[in-house]
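We count residues from 1, following the sequence as given. Note that the structure is predicted; figures quoted are calculated from it, not measured.
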Amino acid sequence: MSSGTATHCPYCALQCAMTLSPAAKPGAGSPAAETPTPDSPSAPAAPLLEVAGREFPTNRGGLCRKGWTSAALLGHAGRVTEPLLKGSDGVHRPVSWDQALMLVAAAVKDSWARHGHDSVGVFGSGGLTNEKAYQLGKFARLALRTSRIDYNGRFCMSSAAAAGNRAFGVDRGLPFPVEDLDSASVILLLGSNVAETMPPFVQHLQGARDAGGLIVVDPRRSATAAFTGNGGGIHLQPLPGTDLALILGISHVVVHEGLADTAFLEGRTNGHKAVLRSLTAFWPERVQSITGVPATLIRETARRLARSARLAKDEGQGGCYILSGRGVEQHVDGTDTATAAINLSLLLGLPGSARSGYGTLTGQGNGQGGREHGQKADQLPGYRKITDPAARAHMAKVWGVDESLIPGAGLPAVEFLKSLGQPDGVRCLFVHGANVAVSAPDAGAVIAGLRSLDFLVVCDFFMSETAEEADLVLPVAQWAEEEGTMTNLEGRVIRRRRALTPPPGVRTELWLMSRLAELLDAPSTFSDDPRTVFEELRLASAGGLADYSGIDYDMLDAGEAAYWPYPTGSTGTPRLFAGGFAHADGRAAMVAVTPSRRAQRTFASASEPDSLALATGRLLEHYQSGAQTRRVAELSASQPEARLQLHPETAARRGIVDGGLVTVSNERGEVQVRAEVNTAIRPDTVFLPFHFPGAGSANRLTEAATDPISGMPEFKTSRVWVKAVTAEPALAAAAVSSHRKEES
């Protein structure tokens, strides 16, 4: 295996290191030579590469199921290997690349002529390499001349990013290397089920667990929450949507029991006095009535955090960390909830400390780098604001264009998607690396928007549910077929390396943007060479918050650790905030927050045959919309369909049995899935994974309401009604069979 290609996993932001080597018995033909049949639509070709874990700080040689099986998709029979144009009969048929490019250019020019430049839109992804994310932002603004660009990271990291920028002046998921967690004695994990979403991460929690200091906040007894058992720590199980009140309750105890680090607050923060006053109303007994978490556990959590922080700072023993995830952030008050978590960490004096800290767990593979270099509606490369005159002048110089050619801010993702097909909205859409037909909130409305477009172009390697709606599908290279860089959850820039030649007919997205830029007479230059694009990214990011100017391919290939900001002449920044925060005065900004009226809404109790709180999330076997993992035989066999998790009391009152069919509905839509009855969830809450399309699509039920600061949708708490399906067994079986065929 030592002679193989050293690269990183294509899935989550842990970016586990792996080695890819030629399979012992590669497939007899190219992936394109095999055609899936109706009876076996997911049949894979023989594997082309073998995967081996590689030593790296985040995974230490380990991989999860998704990582071990990641190469299966490279030779998959369902791979798109030539441009596909949808005919009037709704069937996609092959066309040449020349024809495809001419069609795209004509569609863009027609949309410009009839509706203006902002009628063309681009929806990107946190899975794109830094090079592709950077050039996609440039392509949208200079080649397509549109402000309408955003990406699926808006559904993932936007609230954490907004809170981090507000408090610290900069947003980097973990402002310290993940290995720093190994020595912690207490870790508070807010709304993240890492045992399933990024299993190799769990080893970094083991020290806290051994010390009895792993504290997990989750309405379910998730795989991660289960680690708190047998003396491993504490599981706090609040009602969904009440995380903000819970954090304020813990903070109240820290303040009112004299546990706060007052010297840190006075010396390194602004706004702390207002925050202290705002906590008065959140005494533990009141918070218990809101969240359902016992006041005794709220007090015990605060005391453990404070004791650990004090020992780490005063005696150099252990360490104290607060980590947040999507469970507390994917709400209409997600930014305020993340802010409350940051405030708690500042009350304890954690950020910038040698042995403690605060961080947020980035989800997508390049969720960090993908949000730094221009995919966001309001952003330019280097984490610069598009409304900042100095930032615009800098980018105009790097791109060699007049500043007036750079559009202003566009629309955040949910608002962007609501505009699809509307008179003043996006009429011609490019989608790169996203599957919005499954992943966006109120998915039924999004699908209707896709169908109302004048022209939809989807760049993908499989016929995802979004690609099925496209007028034109363009086949692009997969992760092991391209060169580039990624930025993991620690803010560490790493190399993605090509181990395989793409099938004939497949192109890279850099090539596609370069050719279309020529056809659209775009100013500036658009290279199809990743190294050349990265060199331009270095110049573009120089002087910005996310400064990559001191990083190059040679140093990454030599194995050097490169944490941004990494200005030219520096050695990078593995640990932020030791010398101060990124605000002009070097101090952190504390902002008083309180639950909104919406966040304080209640759902019916299980004793009444009424509505329940729906929480959504991930499964161990699947990733994001499942467009990739549902095509891996081993993963699909383990989790072939969506199942609704509900408590035995809740099930019994509705006549629901384990494995039985149920409908889950609200004013936005209805899904039909099987029930999974167990005690790992609260009686007033149900859980549905979001990886599945069609009749099992959780996002048919989620609401497109958004956080007013970040634009984050309300994914985690929706009101639903659950009923047993009373159809005859034969009809019910037919419904499930149809559902499974649609998913495959």
**Asked** Centroid-to-centroid, Phe690 to Phe715, below 6.0 Å?
**Response** no
**Prompt:** Counting only N and O atoms by type, is there a donor-acceptor contact under 3.5 Å from the side chain of Thr573 to the main-chain atoms of Arg575?
**Reply:** no
**Message:** Using 0.5 Å steps for rounding, measure from the OG1 atom of Thr717 to the CG atom of Leu239.
**Reply:** 7.5 Å
**Prompt:** Rounded to the nearest 0.5 Å, how far does CD of Gln368 lie from CZ of Arg371?
**Reply:** 4.0 Å
**For Asp388, salt bridge (Lys or Arg N to Asp or Glu O under 4.0 Å) partners two or more places apart** = none
**Request:** Please report the closest heavy-atom contact between Asn152 and Gly126, naming both atoms and the distance.
**Result:** OD1-N, 2.9 Å
**Request:** Determine yes or no for a side-chain-to-main-chain donor-acceptor pair under 3.5 angstrom, with Gln206 supplying the side chain and Gln203 the backbone.
**Result:** no
**Message:** Can you see whether Phe282 has Arg286 sitting over its ring - NZ or CZ less than 6.0 Å from the centre and within 45° of the normal?
**Reply:** yes
**Prompt:** Which pair of heavy atoms, one from Pro240 and one from Ala613, lies closest together, and at what distance?
**Reply:** CG-CB, 4.2 Å
Show which side-chain atoms of residues 226-237 pair as donor or acceptor with protein atoms under 3.5 Å away, not counting sequence neighbours.
{"from": "Thr228", "atom 1": "OG1", "to": "Ala225", "atom 2": "O", "distance (Å)": "2.6"}
{"from": "His235", "atom 1": "ND1", "to": "Arg221", "atom 2": "NH1", "distance (Å)": "3.3"}
{"from": "His235", "atom 1": "NE2", "to": "Asp218", "atom 2": "O", "distance (Å)": "2.8"}
{"from": "His235", "atom 1": "NE2", "to": "Arg220", "atom 2": "O", "distance (Å)": "3.1"}
{"from": "Gln237", "atom 1": "NE2", "to": "Pro219", "atom 2": "O", "distance (Å)": "2.9"}

**Item:** Carboxylate-amine/guanidinium proximity below 4.0 Å for Arg65 and Glu196
**Value:** no
**Message:** Please give me the minimum heavy-atom distance between Pro175 and Gly173, naming the atom from each residue.
**Reply:** CD-O, 3.5 Å
**Message:** Using a 3.5 Å distance criterion without hydrogens, assess whether the side chain of His8 forms a donor-acceptor pair with backbone atoms of Ile494.
**Reply:** no
**Asked** Is there a side-chain contact between Arg618 and Gln624, using heavy atoms and a 4.5 Å cut-off?
**Response** yes
**Message:** Ring-plane angle category for Phe581 and Phe264, please: parallel below 30°, perpendicular beyond 60°, tilted otherwise.
**Reply:** perpendicular
Using residues 245-256 as the side-chain source, report each donor-acceptor pair under 3.5 Å to any protein atom, sequence neighbours left out, with the distance given to one decimal.
{"from": "Ser251", "atom 1": "OG", "to": "Ile247", "atom 2": "O", "distance (Å)": "2.9"}
{"from": "His252", "atom 1": "ND1", "to": "Leu279", "atom 2": "O", "distance (Å)": "2.8"}

**Item:** Heavy-atom pair with the smallest gap, counting every atom of Ala312 and Gly318
**Value:** CB-O, 4.1 Å
**Asked** How about Val414 and Pro441: do any of their side-chain heavy atoms sit closer than 4.5 Å?
**Response** yes
**Request:** Could you tell me whether the side chain of Leu188 reaches within less than 4.5 Å of the side chain of Leu344, counting heavy atoms only?
**Result:** yes
**Request:** Determine, stepwise, if the pair Thr679 / His647 fulfils side-chain contact (heavy atoms from CB on, under 4.5 Å).
**Result:** CA-CA 5 Å; Thr679 58; His647 193 276; 4.3 Å; yes
**Message:** Listing request: all side chain to side chain donor-acceptor pair (under 3.5 Å) pairs with a residue in residues 322-332, at least two apart in sequence or in separate chains.
**Reply:** Ser324-Glu329, Ser324-Tyr358, Ser324-Thr360, Arg326-Glu329, Arg326-Thr360, Glu329-Thr360, Gln330-Lys716, His331-Glu714
**Message:** Give me the atom names and distance for the closest heavy-atom approach of Ala309 to Leu350.
**Reply:** CB-CD2, 3.6 Å
**Asked** Is there side-chain contact between Ser541 and His373, with heavy atoms separated by less than 4.5 Å?
**Response** yes
**Item:** Distance-only donor-acceptor check, side chains Thr485 and Tyr548, under 3.5 Å
**Value:** no
**Message:** Set out, in order, the CA-CA distance, both residues' side-chain angles and the distance that settles side-chain hydrogen bond (donor to acceptor under 3.5 Å, both in side chains) for Thr337 and Asp243, then state yes or no.
**Reply:** CA-CA 7 Å; Thr337 305; Asp243 309 287; 6.0 Å; no
**Side chain Asn193, main chain Thr224, donor-acceptor under 3.5 Å** = yes
**Asked** Short question: side chain of Ser356, backbone of Cys320 - any donor-acceptor pair under 3.5 Å?
**Response** yes
**Asked** Can you list every pair that meets salt bridge (Lys or Arg N to Asp or Glu O under 4.0 Å) and has a residue in residues 335-360, with sequence neighbours left out?
**Response** Arg166-Asp336
**Prompt:** Does a side chain donor of either Thr487 or Asn130 reach within less than 3.5 Å of an acceptor in the other side chain?
**Reply:** yes
**Prompt:** Between Leu323 and Phe201, is a side-chain contact (heavy atoms from CB on, under 4.5 Å) present by the stated rule, with each step listed?
**Reply:** CA-CA 12 Å; Leu323 305 176; Phe201 184 90; 4.1 Å; yes
**Prompt:** After noting the C-alpha distance and the side-chain angles of Glu415 and Arg154, does the key distance pass the salt bridge (charged side-chain N to carboxylate O under 4.0 Å, His left out) rule?
**Reply:** CA-CA 11 Å; Glu415 192 176 347; Arg154 185 75 65 173; over 6 Å; no
**Request:** Starting at OG of Ser308, measure out to CD of Gln317 and round the result to the nearest 0.5 Å.
**Result:** 10.0 Å
**Prompt:** Just how far is it from atom CG of Leu688 to atom CG of Leu619, taken to the nearest 0.5 Å?
**Reply:** 9.0 Å
**Request:** Could you grab the distance from atom CG of Leu348 to atom CG of Leu259, nearest 0.5 Å is fine?
**Result:** 8.0 Å
**Request:** For residues Asp180 and Leu174, determine if any side-chain heavy atom of one lies less than 4.5 Å from a side-chain heavy atom of the other.
**Result:** no
**Prompt:** Is a side-chain donor or acceptor of His272 paired with a backbone partner of Asn343 at a separation under 3.5 angstrom?
**Reply:** no
**Fill in**
To the nearest 0.5 Å, atom OH of Tyr151 lies from atom NZ of Lys376 at 5.5 Å
**Message:** For a side-chain contact (heavy atoms from CB on, under 4.5 Å) check, start with the C-alpha distance between Asn488 and Leu14, then their side-chain angles and the critical distance, and finish with the verdict.
**Reply:** CA-CA 6 Å; Asn488 76 353; Leu14 198 58; over 6 Å; no
**Prompt:** Counting only N and O atoms by type, is there a donor-acceptor contact under 3.5 Å from the side chain of Asn366 to the main-chain atoms of Met486?
**Reply:** no
**Request:** Measure the shortest side-chain to side-chain distance between Thr339 and Thr335 over non-hydrogen atoms and say whether it is less than 4.5 angstrom.
**Result:** yes
**Prompt:** How far apart are the C-alpha atoms of Tyr563 and Leu576, what are their side-chain angles, what is the distance that settles it, and do they pass the side-chain contact (heavy atoms from CB on, under 4.5 Å) test?
**Reply:** CA-CA 10 Å; Tyr563 297 85; Leu576 289 170; over 6 Å; no
**Prompt:** For residues 263-274, which residue pairs qualify under salt bridge (Lys or Arg N to Asp or Glu O under 4.0 Å), counting only residues two or more places apart or in two chains?
**Reply:** none
**Phe168 side chain near Leu346 side chain, heavy-atom distance below 4.5 Å** = yes
**Asked** Has the side chain of Gln15 got a donor or acceptor atom that lies under 3.5 Å from a matching backbone atom of Cys12?
**Response** yes
**Fill in**
All heavy atoms of Lys313 vs all of Ser353, minimum pair found to be CE-OG, 4.4 Å
**Request:** Apply side-chain hydrogen bond (donor to acceptor under 3.5 Å, both in side chains) to Thr702 and Ser718, showing your working.
**Result:** CA-CA 6 Å; Thr702 54; Ser718 303; 5.6 Å; no
**Request:** Side-chain contact test, heavy atoms from C-beta onward, threshold under 4.5 Å: evaluate it for Pro595 versus Thr242 and give yes or no.
**Result:** no
**Prompt:** Looking only at atom types and distance, does a side-chain atom of His204 sit under 3.5 Å from a main-chain N or O of Thr58, one as donor and one as acceptor?
**Reply:** yes
**Asked** Checking Asp378 side chain against Ala409 main chain: does a donor-acceptor pair fall under 3.5 Å?
**Response** no
